[in-house]
Amino acid sequence: MVHAARRYGERWGERMARKRLLRLAALGVAVGVLLPVAGSASGLSQDPDDGMSPGARTYLTKVLDLMEQHSVMRHRVDWALLRRRVVEQAHGARTAADTYGVIAWALNSLGDGHSFFLNPQQSGERLGATTLVFEGLTGRALDDGLGYVSLPQVQGTQQTYDAYVRQGRAAVATADGAGACGWIVDLRDNRGGNMWPMLAVLGPVLGDGPAGGFMDADGNRSTWSIQHGNAYLDGEPMGRTDSQPIARSAPPVAVLISHRTGSSGEAVAVAFRGRAGTRFFGEPTYGVPTGNMVVHLSDGATLGLTTVDDVDRAGRTYNGRIRPDEEVDNDPAAAVGGDRDRVLAAAQAWLHQQPGCQRSRGSQAG
C-alpha cells in the first residue's frame, strides 16, 4: 500500500505550513521542512541511565512531540506511558538512526493504521521518484454509450504529478469523445499517493461544489471542493486550472472499489460519497481513508503522521473500510474491463437504468 501523500507539491506545502494545521494535513509529498515544534510538557526522561546521547534524545523527543500534538488519535493515547516505553526501547541510542525502530514502533502503537516512518534511503526512493507514464491510467468510450476511466496510484515529484494530470485529462477526454451518458470511475487498483492530481483529473465528472474534506481530533474541518472542474482545498486551487468540461453535466457515475483501494484512492471514493446519481460497486476498501501530515526530519528521514479523518460532502466521517452499495467479488482470473469483469458488468447494468442512459443500451463489452 502506498502511504498517503496528498499535498500538491513542495511550494504549496511550504505555503500551507505557515497556515493552520488542518490545511497542512492535506496529505502530500512532504512539507519539505521540519515543522517547528512547541516544547513538550512531558518530554523524555533526562536520566543519564537511559544511555541515549543528547542528539538521539532530542531527535526522538521532537518526533514524539509531533505525534502528541497532531495525531488524530492524540486524545486516545496515554502519552506518559508511551514515552516511558519509548525510553525503555531506545536505551543506548547514540544516533538518530538508532531511534528509527523505536519511532516505527511508537507510530504503530497509535493504532491509526496509516502512520509510517521512512529512513533517508526509503524517503528518496519512495518520495523522490519521477514517473512520466502511468500504466493503468486509461480512459475509453464504451460501445454502450458510457465513459470509462481508470485511475491508479500516483506518488513522486511535481513533474510526476503534472504528467499524471495531463495523461488523466486526456483519458477523460477520450472517454467522453462520444458524449458519455454516464461514467464508470475505476479505483480498484488505486493504492494511494497524492489525492490532488486524481481530483484534478476527475473534477469534471464529480461536478462543481463541495466534495468532502478533512476532520482533525478536535473537530476542526477543512473542505475539498470542485470549481469549474478543478480541485480546491478551503478555496485554494490545488494544482492545474485548465480542466475541460465533459459533454453532459451531472451524469450518473458508478464507482468501482476493491480491497486494494486505499489511502488517497479512498479519499477519491469519499469525494463521490453523497453525490447524487452515484453508486459504488465491488469490494470493501483497504480501510485507511485518513490524512497524513508528511514531515521531512533533519537527517532526511520522513515521518508520515495520520492527523485527520476523511469526511464526505454530507459530513460523514471515514476512518475504516468503505463498503460498496452493491458488493461484487472481483474475479482474479478476469481481465479488468474485459468481458468477464463482473464488477464492471454490474456497474453498466445499473447505469443503463439511469435517466439519459436508458436509450444507450447496446453491447456491454468494453
Side-chain angles (χ1 to χ4, degrees), residues 2 4-13 15-16 23 26-30 130-134 136-139 147-176 180 183-187 189-214 222-247 249-251 253 255 261 263-273 275 278 291 294 310 312-313:
V2 175
R6 303 179 189 173
R7 292 190 198 89
Y8 206 88
E10 297 282 343
R11 188 175 301 173
W12 176 85
R15 184 173 72 250
M16 291 295 103
R23 292 188 183 179
L27 287 170
V29 288
T130 298
T131 305
L132 299 181
V133 178
F134 308 90
L137 179 55
T138 61
Y148 171 91
V149 60
S150 174
L151 263 67
Q153 65 199 40
V154 60
Q155 179 71 67
T157 64
Q158 185 67 45
Q159 187 178 9
T160 294
Y161 302 142
D162 289 343
Y164 185 97
V165 172
R166 286 194 300 271
Q167 185 175 331
R169 287 183 170 173
V172 169
T174 298
D176 194 44
W183 285 79
I184 296 170
V185 174
D186 195 342
L187 303 175
D189 202 32
N190 190 318
R191 300 167 186 254
N194 189 318
M195 68 182 281
W196 299 110
M198 302 172 195
L199 291 184
V201 169
L202 290 177
V205 180
L206 269 165
D208 285 0
F214 298 119
S222 65
T223 300
W224 319 330
S225 63
I226 304 297
Q227 301 176 33
H228 305 295
N230 305 300
Y232 288 76
L233 176 65
D234 284 342
E236 296 199 25
M238 303 302 294
R240 290 171 171 258
T241 57
D242 58 352
S243 180
Q244 296 300 310
I246 56 177
S249 61
V253 177
V255 181
T261 308
S263 185
S264 290
E266 289 171 295
V268 175
V270 168
F272 279 95
R273 298 289 281 191
R275 178 189 179 276
T278 303
V294 181
D310 291 349
D312 70 18
R313 64 187 68 200

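Just so we're clear, the structure is a prediction, and the values are computed from it rather than from any experiment.
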(message) Could you go through Arg313 and Leu206, starting from their C-alpha distance and side-chain angles, then the distance that decides it, and tell me whether this counts as side-chain contact (heavy atoms from CB on, under 4.5 Å)?
(response) CA-CA 12 Å; Arg313 64 187 68 200; Leu206 269 165; 3.7 Å; yes
Could you tell me which non-hydrogen atom of [X] sits nearest to which non-hydrogen atom of [Y], and how far apart they are?
| X | Y | result |
| --- | --- | --- |
| Tyr164 | Pro152 | OH-O, 2.8 Å |
| Pro204 | Gln244 | CG-O, 3.4 Å |
| Gly147 | Ala180 | N-CB, 3.4 Å |
| Val154 | Tyr161 | CG2-CD2, 3.8 Å |
| Asp234 | Ser222 | OD2-CB, 3.2 Å |
| Leu151 | Met198 | CD2-O, 3.7 Å |

- Verdict with supporting geometry, Asp310 and Trp224, side-chain contact (heavy atoms from CB on, under 4.5 Å): CA-CA 10 Å; Asp310 291 349; Trp224 319 330; 4.0 Å; yes
Side chain to side chain contact (heavy atoms under 4.5 Å, CB included) with Asp176: of Val149, Val205, Ile246, only one passes, and it is Ile246
Less than 4.5 Å apart, side chain to side chain, heavy atoms only: is that true for [X] and [Y]?
| X | Y | answer |
| --- | --- | --- |
| Leu202 | Val185 | yes |
| His228 | Asp208 | yes |
| Ser243 | Arg169 | yes |
| Val255 | Leu187 | yes |
| Val165 | Trp196 | no |

Would you please test Gln155 and Thr160 for side-chain contact (heavy atoms from CB on, under 4.5 Å) and show each step?
CA-CA 7 Å; Gln155 179 71 67; Thr160 294; over 6 Å; no
(Q) In this structure, is the centre-to-centre distance between the rings of Trp183 and Tyr148 below 6.0 Å? (A)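 No, they do not, as the ring centres are separated by 6.0 Å or more.
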#### Entry: Whether Ser150 side chain and Gly136 backbone form a donor-acceptor pair below 3.5 Å
yes
Flag yes if more than 12 heavy atoms outside Gln159 fall under 6.0 Å of its CD atom; otherwise flag no. no
If you apply the rule side-chain contact (heavy atoms from CB on, under 4.5 Å), what do you find for Asn194 with Ser264, and how did you get there?
CA-CA 6 Å; Asn194 189 318; Ser264 290; 5.7 Å; no
How about Thr130 and Thr157: does a side-chain donor come under 3.5 Å of a side-chain acceptor? yes
Euclidean distance, Gln153 CD relative to Asp189 CG, rounded to 0.5 Å:
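Reported to 0.5 Å precision, the distance equals 7.0 Å.
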CD1 (Ile226) and CG (Leu199) are apart, to the nearest 0.5 Å, by 5.5 Å
